[in-house]
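The figures that follow rest on heavy atoms only: side chains count, while hydrogens, waters and symmetry mates do not. Quick caveat: nothing in here was measured; it's all calculated off a predicted structure.
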Amino acid sequence: MSFPLASAVKETLKQGYSFQDLRADLLAGITLGIIAVPLAMALAIASGVPPQYGLYTAIVAGAVIALTGGSRFSVSGPTAAFVVILLPVTSQYGLGGLLLATLMAGAIQLSMGALRLGRLIQFIPAPVTLGFTAGIALVIASLQLKDFFGLSGMDNTAHFFIKLMDFFSLVGQISWGDFLVGAVTLAILIAWPRLKTPIPGHLPALLLGTALALLGGFWFTDFHVVLLGDQFSWTLGEESGRGIPPVAPSFLLPWLMPNAEAEAIGFSWELFSALLPAAFTIAMLGAIESLLCAVVGDSLTGTKHDPNAELVGQGLGNLVAPFFGGITATGALARTAANIRAGGRSPFAALFHALMVLASVLIFSDWLSYLPMAALAGLLLIVAWNMSEAHHVLRMLKVAPRSDLLVLVTCFSLTVMFDMVLAVGVGIVLASLLFMGRMAQATQSYTLNEREHQDRQLPKGVAYIRIAGPLFFGAAEKALGRLSQVSSSIDAVFVDMHEVSSLDITAIDSLDAAIRQLEARGKRIIFIGLAPNLILKLRRAGIRKNANLSFARSANQASKRWLAYQTTIK
């Protein structure tokens, strides 16, 4: 079995790649680049780092994942889902800590893909992912209040509820210039899809928002809007400027980048241990989102992705990007859908999107410094709304079982009130416990009554116990409990296991204990219909045929063996 790497590119080239395909991918890549540039900057700012690091992520990780992943249509880069995880890491460990956490997450994702765990990630239930995404959307929306309303004194690193209290206390200080620009940008983004035009709404929204910010002072007195260049600047040697530097991402060592105290962060076992929970959460959330993104791409195009190759690609992207200043990347649902709508046909569309972002950095960096912070906040507000899947959440609240609602509300609440690291851990554990409870309920056992005993023409002195469902640690004790309840008048126990699909070690140990107990009471046991692979499992565990234990394919065969045994002992 070959290593799952670059399966999407291999499949594309195998099917043939024509000039028409190249042209379609190039046009789609240009469209995606227009969407990605402002989003990448806004998401980097929301994650607590300068905007150029979001662009470097789209350039480096976007290209690496496109060329090495397993989905033909997925487009990767910084996404809103990670803001809730990345901002606390940046606040505590600085840019260096964020790059190291991304590096560690990439190694975890690469290992998951190499171990072919892609299919398992897809089994995470909808209440968990919906709870996360709805909670993340609410937190992201709260992070935009500062720039959308021009509240420079608001602390975005504070807890969600403290941040809301801070906002209401500062309402009197709202900058109406920032608010007007943000509101216009948001209104255009909401209304633009109704025009059914192929031009992405991000472009006209930001252009009009920027025009209003630059020209508003001529129309209104005391009209002030904070621009990206006012908040961020750069220095390279003897050169400096506003906004983002006009250079391509260059090689760097993540452990030499600054921590929260502006010193080289270094690397140590203590730092590794401190960053590991966040790195694991990043890896898991990235795996879930990227595979969900690939599934959506498949549903829109009728294709099929390779989940293990996609995890390998995501891992490689997050391993390589930090060495060029890139932060965490994953598959982006909105950009993937935009890629398909724009006519993208292969992973090369995502590659061209990365090159378009690079061209924007090199050519338009001075222009990007004039983007209003309020307009970028409006852009992220619409991203947060789309991410929340409010209609899906409301539907689940109406129709889902209580146990699923418990998982959804728990994941949502923990994401908002605490952090994603805790929410991911608790959510997956809670969903797993509920799943095991349901599986335990699905495993049943019962003893035939006297009439059923006669209908099957079973010999006298025989108890017939039927077990159906998987026997694992959550169900073994309940299902096998009937074996210890056999009355003293019974000489043999037939255990029908036709419908037992699996056995784990806990079930094997429980079965062994029940067999020993029955043998001590002088009972003979015959297992009926147990699958050959499960019989092999029992033999490996030391449970073998003996004078009191045997196996049969059917109840009729078991009855014949029991009658033959009675004849021999007489």
Side-chain angles (χ1 to χ4, degrees), residues 40-64 77-78 82-111 155-158 228-229 231-283 286 314-330 358 361 365 419-421:
M41 292 194 296
L43 291 168
I45 294 168
S47 301
V49 297
Q52 62 264 31
Y53 295 105
L55 296 171
Y56 297 163
T57 306
I59 295 168
V60 180
V64 171
F82 286 109
V83 169
V84 181
I85 313 173
L86 305 188
L87 182 58
V89 174
T90 307
S91 301
Q92 189 172 357
Y93 300 102
L95 174 61
L98 182 55
L99 297 181
L100 287 175
T102 300
L103 194 67
M104 293 163 60
I108 295 172
Q109 290 177 326
L110 180 61
S111 301
D155 182 11
N156 254 357
T157 62
L228 185 141
Q231 194 160 324
F232 298 97
S233 60
W234 56 271
T235 301
L236 292 174
E238 298 181 355
E239 296 184 21
S240 61
R242 302 167 69 249
I244 64 171
V247 295
S250 57
F251 183 80
L252 55 84
L253 297 176
W255 45 88
L256 297 182
M257 298 303 288
N259 59 15
E261 287 76 38
E263 301 173 350
I265 191 167
F267 197 65
S268 63
W269 178 255
E270 291 76 14
L271 181 60
F272 174 83
S273 301
L275 291 174
L276 186 59
F280 178 77
T281 305
I282 291 170
Q314 294 290 332
L316 288 173
N318 286 311
L319 273 173
V320 174
F323 288 98
F324 294 88
I327 59 176
T328 306
T330 189
L358 176 60
V361 171
S365 58
D419 58 59
M420 276 295 296
V421 176

To the nearest 0.5 Å, what is the distance between [atom1] on [X] and [atom2] on [Y]?
X	Y	atom1	atom2	result
L275	L103	CG	CG	10.5 Å
I265	L100	CD1	CG	5.5 Å
I327	T57	CD1	OG1	4.5 Å
L253	F323	CG	CZ	7.0 Å
Y93	L98	OH	CG	12.5 Å
S250	Y56	OG	OH	7.0 Å

Can you find a pair of side-chain heavy atoms, one from [X] and one from [Y], that are under 4.5 Å apart?
X	Y	result
T90	L95	no
I59	F324	no
V64	N318	no
L252	M257	yes
I282	F82	yes
T330	Q314	yes
V83	S47	yes
L110	L316	yes

Do you know the tightest heavy-atom contact between [X] and [Y]?
X	Y	result
G54	P78	O-CG, 3.7 Å
P51	I244	CG-CG2, 3.7 Å
A40	A58	CB-CB, 4.5 Å
A321	V60	CA-CG1, 3.8 Å
P246	W234	CD-CZ2, 3.5 Å
L319	P322	O-CD, 3.6 Å

* Asked: Parallel under 30°, tilted from 30 to 60°, perpendicular over 60°: which one fits the rings of F272 and F267?
  ->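 If you compare the ring of F272 with that of F267, the planes turn out perpendicular.
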